[in-house]
Amino acid sequence: MFQFAKAPRYLLLSALLTTSLSAVANNATSLPDIGTTAASTLTIDKEIKYGDMYMQMMRASRPMINDPVLSEYIQDLGHKLVANADGVKTPFNFFLIQNYEINAFALFGGNIGVHSGLFLHAKTESELASVIAHEIAHVTQRHLARTLEDQAKKNPATMAALIGSLLLVVAAPEAGMAALHTTTAVSMQGMLNHTRSNEKEADRIGIATLAKAGFNPQAMPHFFGRLAEQYRYTTQLPAMLLSHPLPESRITDSRMRANNYPKVKLPPSERYLLAKSRIVARNIGFSKTSALNWFNAELKKATPTQRQELNYGKGLVYLDSGQYAKAQQLLLPLISAEPNNLFYIDAMTDLDLYKKQSDKAIARLEKALQYQPESSVLQLNLANVLLEAKHYQQSLNILTRYSYQHPNDINGWALLAQNYAKQNQRAGELAAMGELAALRAQWKLAISNYTQAAQQATLGSLDQARYDARLDQLRVQQAQFEALRTSF
């Protein structure tokens, strides 16, 4: 699939954004009746709006993985857990960050980020799911909102400074950290101490969600225990252990709670192993040589059932390094055995494009869409292949519909901008670029692009009217964004 330039790597400050502070209800797994506990500080509606704002800032400043195949995987996994969680009051959105650090974090409004490095350390899908279930519990228990309520009772001025600094952390981590240290150091220390004494609540609720969703509840204590042992004698802890400390008492507690559920033995998840291979090949920061060495080492100790997923990843490395014959030798048997597997279809589409065989790719994608018409992976791949084959109008039809249905997907707008550019339709290109800027809260750029698009459009045309209407919407959204950002 098409790829975008990657932003610089960074260390996410999730200790500040995933604060899990609440009184532990020892046995209940449902959401406590917190009622007005957080309502006066942060209503559900406002929390969702803050979450939307955070995501816009994240898109502008973080190396997010905009890979449709991986995005579909992490969204499916996350929503399977949400469907089995109690106390869900917000929509949920799951996304991936390219970062070698082991970490996951929950933002306002049900936005949950997962570092690509987590895939290297989670041995099974249940272990990955256990981390995500833990973060879902942070959201359903409204830990951050309840933390702010607690701070407001102690010192309203401190809470206001904290909110401003947290927003700054998302936009500019170094400046945000400086603000936290200079204005709220004492308060933050108390909050983090509170966090460390209450992570068990997210563990308890997360394990219940994990079991209800059909995953292995023992995966959480297994993963935590292995991490704790691995980093027991090091002073350089991964970000996850800084924000989610693992004292022996917490691991023991999670193990005891997991023992209350029936033992589950699950076969290896093919989709998880394929996602892991794709991340190692493309989204972990490895060089091509390092990635090949990783796959070769894993293949030596792999069971026969795991070899196909590793060969898929190895095939991607060959594909991306221009060794098409070697890539085809590995990928062709895979798609022949599973012609409807989206991981394999996406890889073979790339190979077809590199070999200038767009007709073959179009036929494969159109056939697959008959069985999975709503697949984002297939729709975007087909639009991209049609674009490369200079079937501009067919590609445009798909992308126009797709962007309407998925307005927050950067992939659709980026391809739409490319389509208009190749047709020398400057107004359409500017409008699509304006949407990309708006998704990143780059309001001046978005408004400038749409202003130019309106000027380029034929006077009195439907396009000009549409661009002018969108300009009005963008100005309103900009005002709302600034009002929310400065509301504390």
Side-chain angles (χ1 to χ4, degrees), residues 1-4 6 9 63-77 96-102 114-129 267-355 361 364 368 377-378 380-381:
M1 189 61 196
F2 51 91
Q3 297 182 19
F4 296 96
K6 299 177 177 65
R9 297 175 68 184
M64 296 180 70
I65 297 175
N66 294 306
D67 179 328
V69 180
L70 292 174
S71 294
E72 187 168 294
Y73 170 75
I74 202 68
Q75 290 280 6
D76 287 349
L77 176 60
L96 292 165
I97 295 286
Q98 179 165 319
N99 194 309
Y100 190 81
E101 288 279 340
I102 313 167
V114 177
H115 280 202
S116 55
L118 191 56
F119 282 76
L120 275 181
H121 292 81
K123 291 187 175 180
T124 65
E125 187 173 50
S126 286
E127 289 192 355
L128 176 64
S269 164
E270 181 189 22
R271 287 189 76 202
Y272 170 70
L273 294 174
L274 289 171
K276 182 173 184 174
S277 288
R278 190 176 181 93
I279 279 176
V280 170
R282 290 179 168 172
N283 299 107
I284 204 67
F286 283 170
S287 66
K288 299 306 177 189
T289 300
S290 296
L292 280 177
N293 289 340
W294 187 90
F295 283 115
N296 288 331
E298 291 297 310
L299 280 164
K300 288 180 181 178
K301 56 186 179 182
T303 64
T305 57
Q306 295 172 329
R307 294 186 66 83
Q308 63 185 28
E309 291 87 0
L310 293 168
N311 280 329
Y312 161 73
K314 192 174 178 179
L316 290 183
V317 178
Y318 285 137
L319 186 64
D320 295 343
S321 57
Q323 301 181 65
Y324 304 134
K326 289 183 177 180
Q328 180 167 305
Q329 186 177 6
L330 290 172
L331 295 173
L332 195 56
L334 298 177
I335 197 166
S336 297
E338 296 183 57
N340 293 319
N341 186 308
L342 295 179
F343 286 86
Y344 301 153
I345 291 174
D346 180 89
M348 287 303 296
T349 299
D350 285 349
L351 183 59
D352 289 338
L353 283 178
Y354 287 134
K355 295 173 67 177
R364 180 187 296 110
V377 174
L378 296 177
L380 288 169
N381 265 289

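Below, all heavy atoms of this structure are taken into account, side chains as well, without hydrogens, waters or symmetry copies.
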- Query: Side chain of Gln306, backbone of Ala302: donor and acceptor closer than 3.5 Å?
  - Reply: no

- Message: Tyr73 and side-chain contact (heavy atoms from CB on, under 4.5 Å): which single residue from Arg278, Lys276, Glu125 fits?
- Response: Glu125

- Query: How long is the span from the CD1 atom in Ile284 to the CH2 atom in Trp294, to the nearest 0.5 Å?
  - Reply: 9.5 Å

- Hey, does Leu70 have a side-chain heavy atom less than 4.5 Å from the side chain of Asn283? yes

- Under the side-chain contact (heavy atoms from CB on, under 4.5 Å) test, which residues partner Asn293, sequence neighbours left out? Thr289

- Looking only at non-hydrogen atoms, find the nearest pair between Ala281 and Val317 and report the distance. CB-CG2, 3.8 Å

- Note on the structure: Value for CG (Leu118) from CG (Asn99), rounded to nearest 0.5 Å, stands at 11.0 Å

- Task: Output all residues satisfying side chain to side chain donor-acceptor pair (under 3.5 Å) with Asp352, sequence neighbours left out; order by chain, then residue number.
- Result: Arg364

- Item | Evaluation steps, side chain to side chain contact (heavy atoms under 4.5 Å, CB included), between Leu96 and Met64 | CA-CA 6 Å; Leu96 292 165; Met64 296 180 70; over 6 Å; no

- Query: Looking at Ser277 and Tyr312, what are the two nearest heavy atoms and their distance?
  - Reply: CB-CD2, 4.1 Å

- About how many Å separate CG of Leu330 and CD1 of Ile335, when rounded to the nearest 0.5 Å? 13.5 Å

- Message: If I take atom CG from residue Leu331 and atom OH from residue Tyr324, how far apart are they, to the nearest 0.5 angstrom?
- Response: 12.5 Å

- Query: Taking only residues two or more places apart in sequence, or in another chain, which ones meet Glu270 in a side-chain contact (heavy atoms from CB on, under 4.5 Å)?
  - Reply: Leu274, Gln308, Glu309, Glu338, Asn341, Tyr344

- Note on the structure: Sequence neighbours excluded, the answer for ring pair (Phe, Tyr, Trp, His ring centres under 6.0 Å) partners of Tyr272 is Phe119

- Kindly assign one of parallel, tilted or perpendicular to the pair Phe286 and Tyr100, based on the angle between their ring planes and the thresholds 30° and 60°. tilted

- Sequence neighbours excluded, which residues qualify as salt bridge (charged side-chain N to carboxylate O under 4.0 Å, His left out) partners of Lys355? none

- Glu72 meets the side chain to side chain donor-acceptor pair (under 3.5 Å) criterion, sequence neighbours left out, with none

- Note on the structure: Closest heavy-atom pair, Leu319 versus Ala347, reported as atoms and distance to 0.1 Å, is CD2-O, 3.7 Å

- Message: Assess the residue pair Ile102 and His115 against the criterion (side chain to side chain contact (heavy atoms under 4.5 Å, CB included)); give the C-alpha distance rounded to whole Å, side-chain angles, the decisive distance to 0.1 Å, and a yes or no.
- Response: CA-CA 6 Å; Ile102 313 167; His115 280 202; over 6 Å; no

- Message: Whether the side chain of Thr349 engages the backbone of Asn381 through a donor-acceptor N/O pair (distance < 3.5 Å, no angle test) should be reported.
- Response: no

- Task: Would you name the heavy atoms of Ile65 and Ser71 that are closest together and state the gap between them?
- Result: O-OG, 3.8 Å

- Can you tell me how far CZ of Arg307 sits from NZ of Lys314, rounded to the nearest 0.5 angstrom? 8.5 Å

- Query: From Leu310 CG over to Leu299 CG, what is the distance, rounded to the nearest 0.5 angstrom?
  - Reply: 4.5 Å

- Message: Any donor-acceptor pair under 3.5 Å linking the side-chain atoms of Thr303 with those of Thr305?
- Response: yes

- Message: Looking at Arg282 and Asp350, is there a salt bridge between them, counting it only when a charged N and a carboxylate O are closer than 4.0 Å?
- Response: yes

- Item | Residues Asp67, Asp346; criterion side chain to side chain contact (heavy atoms under 4.5 Å, CB included); working and verdict | CA-CA 11 Å; Asp67 179 328; Asp346 180 89; 5.7 Å; no

